[in-house]
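So the structure is just underneath, and the comments pick up after that.
Convention: sequence-line order gives letters A, B, ...; per-chain numbering from 1.
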2 protein chains.
Amino acid sequence: MSDTAIITALGALAQTHRLAAFRVLVQAGSVGIAAGALADMLGLQPSALSFHLAQLVGAGLIAGRRDGRHLLYTADFGAMTTLVDYLTENCCGGVPCAVETNIQRTLSRT
Amino acid sequence: MSDTAIITALGALAQTHRLAAFRVLVQAGSVGIAAGALADMLGLQPSALSFHLAQLVGAGLIAGRRDGRHLLYTADFGAMTTLVDYLTENCCGGVPCAVETNIQRTLSRT
DNA sequence: CCATCGTTTCAACAATCATTGAAACATGAG
DNA sequence: CTCATGTTTCAATGATTGTTGAAACGATGG
């Protein structure tokens with residue numbers, strides 16, 4: 001993921017409706033959610049949501065696939081991880097640091 | 001960190017110069033870097049950098065402190081972690097998932 | 001086919017953001 | 001006190017972004 005791709009991804013998430021949509025999709029998992037259903041959940045006009053989903057797709061954060069008349073959208077977890085890694089890269093000057101993420105905490109509960 | 005604070009933070013990072021500045025500060029650690037030195041590194045006019053630093057401060061991602069004639073800026077690691085956690089919250093529907101961050105990899109090298 | 005449903009595309013407008021240069025402010029040196 | 005240095009503030013301009021409504025597109029059922 002290039003520097004400009006990171007900027008695009010951050011910019012895509014830096015908007016109320018897009019962040020909300022992304023989080024819903026992250027929590028929905030691989031089944032995905034149809035555009036219309038998302039629009040209802042978020043209280044957006046179809047065209048407005050379509051605009052925002054296009055930005056998220058362009059940023060590589062979500063993907064859409066057709067299912068009959070519906071378009072199902074799903075979050076791309078790989079892209080999310082790449083983004084997180086980029087932000088924390090060389091964190092604290094490369095010294096192992098005290099920063100602990102919630103993914104890490106989840107995994108430590110074995 | 002509220003939803004709007006997250007948006008502010010993401011928006012603050014979603015810009016070439018601000019992302020570059022933040023990353024330099026993240027890697028510089030707690031000593032910090034003076035505004036002028038940062039402007040040189042990034043090739044920005046002082047006023048332009050000041051504008052961007054103000055946005056990062058406003059987003060809580062960095063802090064500035066005076067040292068004589070200089071203003072030293074440092075990254076706020078806590079804010080960074082909060083941001084990362086927010087993005088990955090309820091990742092994969094709450095099921096412990098395969099997403100592994102680089103912070104986590106750093107810490108596992110014990 | 002034809003009508004309809006779900007979704008996207010487009011054009012237009014308002015609002016927000018980035019950049020620039022000049023001026024102002026704070027600090028420390030002589 | 002006065003001057004130079006480091007940094008910020010301000011106003012103006014151009015560029016980008018978000019919203020809206022209407023129109024178009026693709027897929028399905030009758």
Side-chain angles (χ1 to χ4, degrees), chain A residues 2-25 28 31-75, chain B residues 2-25 28 31-75:
Chain A
S2 68
D3 265 38
T4 55
I6 296 286
I7 299 282
T8 305
L10 287 169
L13 292 175
Q15 208 279 343
T16 313
H17 303 317
R18 286 196 294 268
L19 184 59
F22 181 71
R23 279 164 60 80
V24 169
L25 292 177
V31 175
I33 302 182
L38 254 182
D40 287 346
M41 289 182 202
L42 303 175
L44 290 176
Q45 293 191 204
S47 67
L49 180 68
S50 187
F51 169 78
H52 291 305
L53 291 178
Q55 304 238 125
L56 289 168
V57 169
L61 289 165
I62 67 173
R65 67 179 194 279
R66 187 169 277 280
D67 174 36
R69 292 185 189 176
H70 298 271
L71 256 77
L72 297 180
Y73 285 91
T74 48
Chain B
S2 68
D3 265 39
T4 55
I6 295 286
I7 299 282
T8 305
L10 287 169
L13 292 174
Q15 208 278 342
T16 313
H17 302 317
R18 286 197 294 269
L19 183 59
F22 181 71
R23 277 164 61 79
V24 167
L25 291 177
V31 175
I33 302 182
L38 253 181
D40 287 347
M41 290 183 200
L42 303 176
L44 290 176
Q45 293 192 200
S47 67
L49 180 68
S50 187
F51 169 78
H52 291 304
L53 290 178
Q55 304 237 126
L56 289 169
V57 169
L61 290 165
I62 68 173
R65 66 178 195 280
R66 188 168 279 281
D67 173 35
R69 292 187 191 177
H70 299 271
L71 255 77
L72 297 180
Y73 285 91
T74 49

Discussion item. Apply side chain to side chain contact (heavy atoms under 4.5 Å, CB included) to residues A:L42 and A:H52 and explain how you reach the verdict.
Written reply: CA-CA 12 Å; A:L42 303 175; A:H52 291 305; over 6 Å; no

Out of [options], which has the shortest distance to the side chain of [X]?
X     : options                : answer
A:S50 : C:dT8, C:dA22, C:dT19  : C:dT8
A:Q55 : D:dT8, D:dG18, D:dG29  : D:dG18
A:A35 : C:dT7, C:dT19, C:dA29  : C:dT7
A:H52 : C:dA18, C:dT27, D:dG18 : D:dG18
B:L71 : C:dG21, C:dT19, D:dT7  : D:dT7
B:P46 : D:dT7, D:dT5, C:dT4    : D:dT7

Starting at [atom1] of [X] and ending at [atom2] of [N], how long is that distance when rounded to a whole Å?
X     : N      : atom1 : atom2 : result
A:F51 : C:dA11 : CZ    : P     : 15 Å
B:M41 : D:dG6  : CE    : P     : 15 Å
A:R66 : C:dG6  : CZ    : P     : 12 Å
B:L53 : C:dC17 : CG    : P     : 17 Å
A:L10 : D:dT17 : CG    : C1'   : 16 Å
A:L49 : D:dT19 : CG    : P     : 11 Å
B:Q15 : C:dA18 : CD    : P     : 5 Å
B:D67 : C:dA26 : CG    : C1'   : 14 Å

Worksheet entry | Taking every non-hydrogen atom, the tightest pair across A:I62 and A:A75 |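 Minimum heavy-atom contact is CG2-CA, 4.1 Å.
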
Worksheet item: Any side-chain heavy atom of B:R18 sitting closer than 4.5 Å to one from B:F51?
Response: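 A side-chain contact under 4.5 Å exists here.
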
Worksheet item: Do the side chains of A:L53 and A:L38 get nearer than 4.5 Å, heavy atoms only?
Response: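 In contact.
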
Under 4.0 Å between a side-chain N/O of [X] and OP1 or OP2 of [N], yes or no?
X     : N      : result
A:Q45 : D:dT19 : no
A:H70 : C:dT7  : yes
B:Y73 : D:dT8  : yes
B:R18 : C:dA18 : yes

Practice prompt. Answer with base, sugar-phosphate or nothing: what part of the nucleic acid does A:A34 contact at a heavy-atom distance below 4.0 Å?
Written response: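 A:A34: backbone/sugar contact only, no base atoms under 4.0 Å.
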
Discussion item. Taking the nucleotide of DNA chain D with the nearest heavy atom to each, does B:A37 or A:A14 sit closer to the 5' end?
Written reply: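 Nearer the 5' end of the strand: B:A37.
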
Discussion item. If you assign each of A:G11 and B:G36 to its closest nucleotide in DNA chain D, which residue comes earlier from the 5' end?
Written reply: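 Its nucleotide being nearer the 5' end, the pick is B:G36.
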
Fill in: Chi angles and distances behind the side chain to side chain contact (heavy atoms under 4.5 Å, CB included) call for A:T16, B:T4
CA-CA 8 Å; A:T16 313; B:T4 55; over 6 Å; no

Worksheet item: Has the side chain of B:R23 got a donor or acceptor atom that lies under 3.5 Å from a matching backbone atom of B:L25?
Response: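 Not confirmed, B:R23 side chain does not pair with B:L25 backbone.
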
